[in-house]
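The sequence lines fix the lettering, A, B, ..., with proteins before strands; numbering per chain opens at 1. Note that the structure is predicted; figures quoted are calculated from it, not measured.
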Amino acid sequence: MQFTINSLDTNSKARTGTIKTAHGEIPTPIFMPVGTVGSVKGINPRELEQDINAKIILGNTYHLYLRPGLEVIEAAGGLHKFISWDRPILTDSGGYQVFSLAENRKLKPEGAHFRSHIDGSKHFFSPENVMDIQRVIGADIIMAFDECPPGTATYDYAKKSLDLTENWLDRCIKRFDETEPLYNYEQTLFPIVQGCVYPDLRRRAAEFVATKNRDGYAIGGLSVGEPAEVMYQMVEVVNDILPIEKPRYLMGVGTPDNILEAIDRGVDMFDCVMPTRNGRNGMLFTSEGIINIRNKRWSNDFSPIDPQGASFVDQRFTKAYLRHLFISKEMLGPQLASIHNLGFYLWLVGEARRRIEDGTFKGWKDQLVKKLVVRL
RNA sequence: GGGGAGAUACCAAAGUGGCCAACUGGGGCAGACUGUAAAUCUGCUGGCGUACGCCUUCGUAGGUUCGAAUCCUGCUCUCCCCA
């Protein structure tokens, strides 16, 4: 994997760049739709390519390992072939499930013992087997196996957790470097910076991963319950240390204004379930602000879903019709909302790239952030 | 014409003397959601008040009772069966 910086903003830490992978190029800053189980929920891959123009999507090691299982994925020739997606894929390691499925797992130095959320069966994830699993899945970018502590973690816990994550990272790197890809194209491993909301732990974590000389680095353990301002501070602390010539990936973030503020602070990659999950639940991110399409106020609003919208659904369908679909529980409603929201997110990062390159990013960002509050 | 059953909030439907402003479901209204155990979950849904609370409700008009959605009588309406 190669990363080249195309331009640096003079008024902020923002930059544009290009990531080259075996499955194509990714312009940065970029937003990556989440397709946990090998499907961006509700979205046809053709829509993802043509209407949304997603450059890369995510899969999840934990979910794909449980279902359909590695045998099926390997027999299919890897995840790209299995899900018919020829552009880049990034897989998360399952570290986030250590957090979100906390009641079903036990953490030990050697790894995490899990119970499947599907059938309760017992499983074990270690840094080593998570690397092996991600080799089988075959994503272009794979993530280190980490612990993602909650935003409310105490300093003591955060420190112990970071010790564990750093130990696991070394084991991930060792295993990754001594194994080969299964499908004749390059894979790369991104370490993850942890450290909760504690600047000294974040500094230590960033310095630790920076010595590993990988193709890119991730910032994890944010947007997990801490205030947005704290998240921005942590991003600043970490990005001051991470090598400037490597891409930075802020995991699981976030709202459109979170993304803009992080781009401002030098982040290049984002993923989040928000556009799809919240979209399925009726929340629309539009150029006019954030709205709940289920609200009665839209019942007779025959204006386009988003008059300034980038995706074809924005001009073609009205707010009143989309509301009707949601109220009627028609599956088309969540599908259209997901296409719209992902279209908006991809438009957002595309516009950010354009603004960074022509030097108007800062002013544009400040104005848009003000607009991106929930309309009352 | 004769016999029977029933009328409860937006709809459906429990309740058959005090624990009832009234179970439950639907509908309606609003909220939550950040590396997806989510096309999920939560709250409200007679009026006024942040709230203790107060006021008006169970077809309708009366009555019995300390107390009625619940018991009695008249009336109105609906449904079913027979002719």
Any base atoms under 4.0 Å from A/N258, or only sugar-phosphate, or nothing? Heavy atoms, all strands. base
What is the pairing partner of B/A83, taking Watson-Crick or G-U wobble pairs with both distances under 3.5 Å in any strand? none
Who pairs with B/G53 - Watson-Crick or G-U, where each distance is under 3.5 Å: B/C48
Looking just at side-chain N and O atoms, do A/T165 and A/E147 make a donor-acceptor pair shorter than 3.5 Å? no
Phosphate OP1/OP2 of B/U36: any A/T36 side-chain N/O under 4.0 Å: yes
Indicate yes or no: does A/E178 engage A/K174 in a salt bridge with an N to O separation below 4.0 Å. yes
Pick the C1' atom in B/G25 and in B/A61, then give their distance to the nearest Å. 34 Å
Between B/C33, B/G35, B/A37, which nucleotide has the shortest distance from any of its atoms to the side chain of A/Y249? B/G35
Using a cut-off of 4.0 Å on non-hydrogen atoms, how would the nucleic acid contact of A/S116 be classed: base, sugar-phosphate, or nothing? nothing
Are the charged groups of A/D9 and A/R15 less than 4.0 angstrom apart, N to O? no
A/I43 CD1 to B/U36 P, in whole Å, measures 16 Å
B/G17 versus B/C66 - spacing of their C1' atoms, nearest Å: 12 Å
Within 45° cone and under 6.0 Å: A/R175 NZ/CZ vs A/F145 ring: no
Return the polar atom pairs (N/O with N/O) between nucleotides 25-29 of chain B and the protein under 3.5 Å, or none.
from  : atom 1 : to     : atom 2 : distance (Å)
B/C29 : OP1    : A/R323 : NH2    : 2.7

Starting at CD of A/Q194 and ending at P of B/G35, how long is that distance when rounded to a whole Å? 14 Å
Separation of A/N281 atom CG from B/A38 atom P, in whole Å? 12 Å
Could you say whether A/N104 or A/G252 is positioned toward the 5' end of RNA chain B, judged by the nucleotide with the nearest heavy atom to each? A/G252
Can you tell if the side chain of A/L342 reaches within under 4.5 Å of the side chain of A/P275, non-hydrogen atoms only? yes
Rounding to an integer number of angstrom, what distance separates B/A21 and B/C48 when you compare their C1' atoms? 14 Å
If we ignore hydrogens and angles and just use 3.5 Å, is the side chain of A/D271 paired with the main-chain N or O of A/G252 as donor and acceptor? yes
Between P on B/U36 and CG on A/L58, what's the gap in Å once rounded to a whole number? 7 Å
Is a donor on one side and an acceptor on the other found under 3.5 Å between the side chain of A/N341 and the backbone of A/F285? yes
Under 6.0 Å between ring centres: does that hold for A/F270 and A/Y345? no
Separation of atom CD in A/Q335 from atom P in B/A39, rounded to whole Å: 12 Å
A/F124 and A/H113: CA distance, side-chain angles, deciding distance, ring-ring contact (aromatic ring centres under 6.0 Å, His included) verdict: CA-CA 4 Å; A/F124 175 64; A/H113 296 267; 4.6 Å; yes
Taking the same atom, P, in B/A13 and in B/C80, what whole-Å distance lies between them? 15 Å
Taken to the nearest whole Å, CE/A/M331 to P/B/U40 is 12 Å
Walk me through whether A/Y62 and A/Y65 qualify under ring-ring contact (aromatic ring centres under 6.0 Å, His included). CA-CA 5 Å; A/Y62 167 82; A/Y65 156 83; 7.6 Å; no
Counting only side-chain heavy atoms from C-beta out, which of B/G31, B/G35, B/C33 sits nearest to A/I192? B/G35
Check: B/U36 base within 3.5 Å donor-acceptor of A/S100 side chain: no
What's the NZ-P distance between A/K41 and B/U40, to the nearest Å? 12 Å
If the P atom of B/C19 is compared with that of B/C71, how far apart are they to the nearest Å? 16 Å
Can you tell me how far C1' in B/C11 sits from the matching atom in B/G49, rounded to whole Å? 29 Å
With sugar-phosphate meaning primed atoms plus P, OP1 and OP2, does A/G221 contact a base, only sugar-phosphate, or nothing at under 4.0 Å between heavy atoms? base
When the P atoms of B/C23 and B/U34 are compared, how many Å lie between them, rounded to an integer? 33 Å
In numerical order, the residues of residues 143-169 of chain A whose heavy atoms come under 4.0 Å of RNA chain B are A/D146, A/C148
Are A/Y217 and A/F190 near enough that their ring centres are under 6.0 Å apart? no
Assert: residue with more 5' nearest nucleotide on RNA chain B, out of A/C272 and A/I118, is A/C272
For A/R277 and B/A39, is the shortest distance between a side-chain N/O and OP1 or OP2 below 4.0 Å? no
Regarding A/D271, tell me which of base, sugar-phosphate or nothing describes its non-hydrogen contacts under 4.0 Å with the strands shown. sugar-phosphate
Pair assignment for B/A32, Watson-Crick or G-U wobble, requiring both distances under 3.5 Å: B/U40
Charged N to carboxylate O under 4.0 angstrom, A/R354 versus A/E351? yes
Who does B/U78 pair with, Watson-Crick or G-U, both distances under 3.5 Å? B/A5
Checking base pairs now: Watson-Crick or wobble, both atom distances under 3.5 Å. What partners B/A12? B/U24
Would you indicate, yes or no, if B/G35 has its OP1 or OP2 atom less than 4.0 angstrom from a side-chain nitrogen or oxygen of A/Q97? no
So what's B/C66 paired with, Watson-Crick or G-U wobble, going by both distances under 3.5 Å? B/G18
Euclidean distance for P, B/G6 against B/U70 (whole angstrom): 15 Å
Separation of B/G35 atom P from A/Y96 atom OH, nearest Å, is 5 Å
